[in-house]
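What follows is one structure encoded as structure tokens, with my remarks underneath.
Here, residue 1 is the first one in the sequence, and each next residue gets the next number.
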Amino acid sequence: MLVKLYCAALQGVDATLVTIEVNSSRGIKFFLVGLPDSAVKESHERIVSALQVNGYKFPTCQIVVNMAPADIRKEGSAYDLPLAIGIMAATGGVAADRLDRYLLIGELSLDGTLQPIKGALPIAIAARAQGFEGMILPKQNAREAAVVNRLAVYGVENITEVIEFFNGQRVLEPTEVNTREEFYRNQTDFPFDFADVKGQESVKRAFEVAAAGGHNIILVGAPGSGKSMMAKRLPGILPPLSLNESLETTKIHSVAGKLGKDSSLIAVRPFRSPHHTISQVAMVGGGANPQPGEISLAHNGVLFLDELPEFSRSVLEVLRQPLEDRHITVSRAKYSLDYPASFMLVASMNPCPCGYYNHPTRPCVCSPGQVQRYLNKISGPLLDRIDIQCEIIPVPFEKMSERSPGESSAAIRERVIRARQLQVERFAQTPGVYCNAQMTSRQLQQYAQPDAAGLQLLKNAMLRLNLSARAYDRILKVARTIADLEGSASVLPAHLAEAISYRNLDRENWADRGI
């Protein structure tokens with residue numbers, strides 16, 4: 001008897017429908033074809049044990065299983081459940097009349113319980129797109145998949161429940177999730193607040209500008225000056241995720257297996273802080289079993305690189321293209337995948353190996369050559385792509401001992417949201433552009449063109465600091481954001497002056513200071 005049922009394979013952050021064809025005939029052999037990997041081939045032993053433990057007998061006839069399309073490699077253990085149900089249906093153990101209405105996915109334990117899988121959300125999206133009535137998957141993934149509307153999602157704990165469901169002996173209750181209610185309820189859940197930061201008003205202002213325009217920022221300062229402390233508070237002042245952004249972000253984390261049990265949509269912007277020993281593949285994605293990298297896990301959020309010069313030079317250089325294009329294409333001999341990577345880069349570093357160059361009270365013990373070699377670990381092209389470059393001076397005791405709290409993240413966030421709303425309206429007719437940091441050169445001429453006084457100020461800065469053409473564009477983008485924060489329709493010289501002050505760590509400027 002020949003039966004067909006359906007599951008899905010992950011490709012990048014999307015899912016592709018896989019048809020499982022099972023045919024039973026006279027004989028004693030078991031064949032599994034369709035480009036399965038070792039984990040899929042090992043499903044035979046798991047299925048045999050799961051059926052036997054739950055009182056079902058594995059068929060003793062010849063069984064041929066084909067997983068189509070056969071040119072896509074099937075990886076992982078998530079095919080256990082559909083393979084087991086298909087084998088049972090082909091030999092009469094499961095009624096096959098409703099199999100084509102449901103998409104099945106799940107890994108089996110030896111006792112027949114289902115284990116959670118990766119990528120439940122993109123698989124559910126694919127199931128709805130293909131017109132399936134429902135989806136059956138492990139109970140731990142049910143809430144994640146149930147955010148997809150117009151699809152009945154059934155979370156099950158044991159293979160027996162699935163067999164009895166198709167045989168009409170059990171009724172499964174679909175998982176219901178009030179997506180919007182949960183999403184909006186969790187949008188203001190932040191563990192850190194800028195009210196805890198004493199002093200550093202200029203740096204807080206730089207973070208506000210960065211958040212308002214989606215700009216990359218680098219912080220340079222002595223140890224203990226508050227670089228990491230303030231970076232961790234950045235998500236609290238970023239505008240809230242939209243539902244579409246949340247869906248994109250959740251898909252990526254689902255494919256990477258980063259969602260917890262019983263999770264639904266991610267409601268706050270991700271904050272990723274990889275260790276400096278990270279490899280290129282872990283940063284950009286790929287590998288033998290392709291996975292999203294840190295830059296994709298930070299999509300619609302923040303990628304924080306602490307102690308930037310300690311990262312491998314090759315790891316930092318692979319960031320250059322995603323910072324411009326906001327996506328990464330991972331091309332290998334056997335596959336080519338595209339991952340989204342629209343993130344805010346926040347980096348921090350010491351100014352020298354000892355950490356105390358330009359410190360107001362502690363002397364630096366590094367020679368000029370040591371300082372130069374340390375800073376040379378950050379290439380000029382990468383530094384050029386960072387819009388805001390900010391030096392941090394340690395907070396004096398008088399500021400640290402103040403009892404009055406600083407301005408809260410909520411107050412800063414309100415101004416950021418107002419500025420972002422202006423940008424959303426400005427770029428409403430331009431798909432893919434949502435903030436000032438994403439503006440093209442043509443849009444800069446249209447929305448950020450300074451007047452004669454501003455152009456003269458910008459010309460003097462370009463000549464004195466020996467800035468590049470890319471730095472010119474970055475200054476205009478930051479100035480446009482500062483104007484948005486003040487509600488100004490045009491870019492004024494004061495806005496340009498503040499934007500230029502955020503380029504004070506350019507390579508030539510450091511050299512002028514004797515580094």
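Under the 4.5 Å side-chain criterion, counting only non-hydrogen atoms from C-beta, Leu444 is in contact with Lys477. Here the side chains of Leu247 and Leu265 are in contact, with some heavy-atom distance below 4.5 Å. Counting only heavy atoms from C-beta outward, the side chains of Val40 and Arg73 never approach each other to under 4.5 Å. Residues Pro274 and Leu305 meet the side-chain proximity criterion, which asks for heavy atoms closer than 4.5 Å. Two residues are said to be in side-chain contact when any heavy atoms from C-beta on lie closer than 4.5 Å; Leu375 and Pro351 fail this criterion. Between Met230 and Ile392 there is a side-chain heavy-atom pair separated by less than 4.5 Å.
Of the possible donor and acceptor atoms, none in the side chain of Ser246 sits under 3.5 Å from a partner among the backbone N and O of Leu243. Put simply, the side chain of Asn216 gets close to the backbone of Arg385: a donor and an acceptor are under 3.5 Å apart. The closest donor-acceptor contact from the side chain of Ser367 to the backbone of Gln370 lies under 3.5 Å. Of the possible donor and acceptor atoms, one in the side chain of Ser296 sits under 3.5 Å from a partner among the backbone N and O of Pro340. The closest donor-acceptor contact from the side chain of Asn376 to the backbone of Gln372 lies under 3.5 Å. Proximity of a side-chain donor or acceptor of Asn141 to a complementary backbone N or O of Ile117 within less than 3.5 Å is detected. Put simply, the side chain of Gln443 gets close to the backbone of Thr440: a donor and an acceptor are under 3.5 Å apart. Formation of a donor-acceptor pair under 3.5 Å by the Ser488 side chain with backbone atoms of Ala483 is not found in this model. At distances below 3.5 Å, at least one donor-acceptor pair connects side-chain atoms of Asn178 with backbone N or O atoms of Glu181.
A 6.0 Å sphere centred on CZ of Arg362 holds no more than 12 heavy atoms belonging to other residues, nucleotides or ligands.
Of the candidates Val147, Val255, Ile266, Leu241, Thr250 forms a side-chain contact (heavy atoms from CB on, under 4.5 Å) with just one, namely Ile266.
Among residues two or more places apart in sequence or in another chain, the side chain to side chain donor-acceptor pair (under 3.5 Å) test is passed with Ser490 by none. Remark: Glu75 pairs with no residue by the side chain to side chain donor-acceptor pair (under 3.5 Å) rule, at least two apart or across chains. Listed by chain and number, the residues in a side chain to side chain contact (heavy atoms under 4.5 Å, CB included) with Ala499 are Ile475, Val478, Ala479, Ile482 (sequence neighbours excluded). When the side chain to side chain donor-acceptor pair (under 3.5 Å) test is applied to Asn149, the partners found at least two apart in sequence or on another chain are Arg128. Among residues two or more places apart in sequence or in another chain, the side chain to side chain contact (heavy atoms under 4.5 Å, CB included) test is passed with His275 by Thr277. Residues meeting the side chain to side chain donor-acceptor pair (under 3.5 Å) test with Asp80, sequence neighbours left out: Arg46.
Inspection of the Thr113 and Glu157 side chains reveals no N or O donor paired with an N or O acceptor under 3.5 Å. A donor atom on one side chain and an acceptor atom on the other are not found under 3.5 Å apart for Glu307 and Ser348. Looking only at atom types and distance, the side chain of His299 has no donor-acceptor partner in the side chain of Glu245 under 3.5 Å away. Using modelled atom types and a 3.5 Å distance limit, the side chains of Asp193 and Ser408 yield no donor-acceptor pair. No side-chain donor from either of Gln438 and Tyr434 sits under 3.5 Å from a side-chain acceptor of the other.
The stretch residues 302-334 participates, sequence neighbours left out, in these ring-ring contact (aromatic ring centres under 6.0 Å, His included) pairs: Phe271-Phe304. Listed by first then second residue, pairs satisfying ring-ring contact (aromatic ring centres under 6.0 Å, His included) with a partner in residues 208-253 number zero, not counting sequence neighbours. For residues 446-455, the set of pairs meeting the side-chain hydrogen bond (donor to acceptor under 3.5 Å, both in side chains) definition, not counting sequence neighbours, is empty. For the salt bridge (charged side-chain N to carboxylate O under 4.0 Å, His left out) condition, the pairs that include at least one residue of residues 216-237, sequence neighbours left out, are Asp196-Arg233.
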Donor-acceptor pairs under 3.5 angstrom involving side-chain atoms of residues 412-420: please list them, not counting sequence neighbours.
{"from": "Arg413", "atom 1": "NE", "to": "Leu238", "atom 2": "O", "distance (Å)": "2.8"}
{"from": "Arg413", "atom 1": "NH2", "to": "Leu238", "atom 2": "O", "distance (Å)": "3.4"}
{"from": "Arg415", "atom 1": "NE", "to": "Glu208", "atom 2": "OE2", "distance (Å)": "2.8"}
{"from": "Arg415", "atom 1": "NH1", "to": "Glu407", "atom 2": "OE2", "distance (Å)": "2.6"}
{"from": "Arg415", "atom 1": "NH2", "to": "Glu208", "atom 2": "OE1", "distance (Å)": "3.0"}
{"from": "Arg415", "atom 1": "NH2", "to": "Glu407", "atom 2": "OE1", "distance (Å)": "3.1"}
{"from": "Arg415", "atom 1": "NH2", "to": "Glu407", "atom 2": "OE2", "distance (Å)": "3.2"}
{"from": "Arg420", "atom 1": "NE", "to": "Ala211", "atom 2": "O", "distance (Å)": "3.2"}
{"from": "Arg420", "atom 1": "NE", "to": "Ala212", "atom 2": "O", "distance (Å)": "3.0"}
{"from": "Arg420", "atom 1": "NH2", "to": "Ala211", "atom 2": "O", "distance (Å)": "2.9"}

For residues 283-293, which side-chain donor-acceptor pairs fall under 3.5 Å, sequence neighbours excluded?
none

Practice prompt. Show the numbers, then the answer: is there a salt bridge (charged side-chain N to carboxylate O under 4.0 Å, His left out) between Arg480 and Asp484?
Written response: CA-CA 6 Å; Arg480 179 65 264 174; Asp484 289 340; 3.0 Å; yes
Practice prompt. Kindly determine whether Arg320 and Glu324 satisfy salt bridge (charged side-chain N to carboxylate O under 4.0 Å, His left out), including the steps that lead there.
Written response: CA-CA 7 Å; Arg320 287 159 54 176; Glu324 291 288 331; over 6 Å; no
Worksheet item: When you look at Arg326 and Glu248, which way does the salt bridge (charged side-chain N to carboxylate O under 4.0 Å, His left out) test go after all the steps?
Response: CA-CA 14 Å; Arg326 298 187 178 271; Glu248 285 182 348; over 6 Å; no
Item to complete: Show the numbers, then the answer: is there a side-chain hydrogen bond (donor to acceptor under 3.5 Å, both in side chains) between Ser331 and Thr329?
Response: CA-CA 6 Å; Ser331 298; Thr329 301; 6.0 Å; no
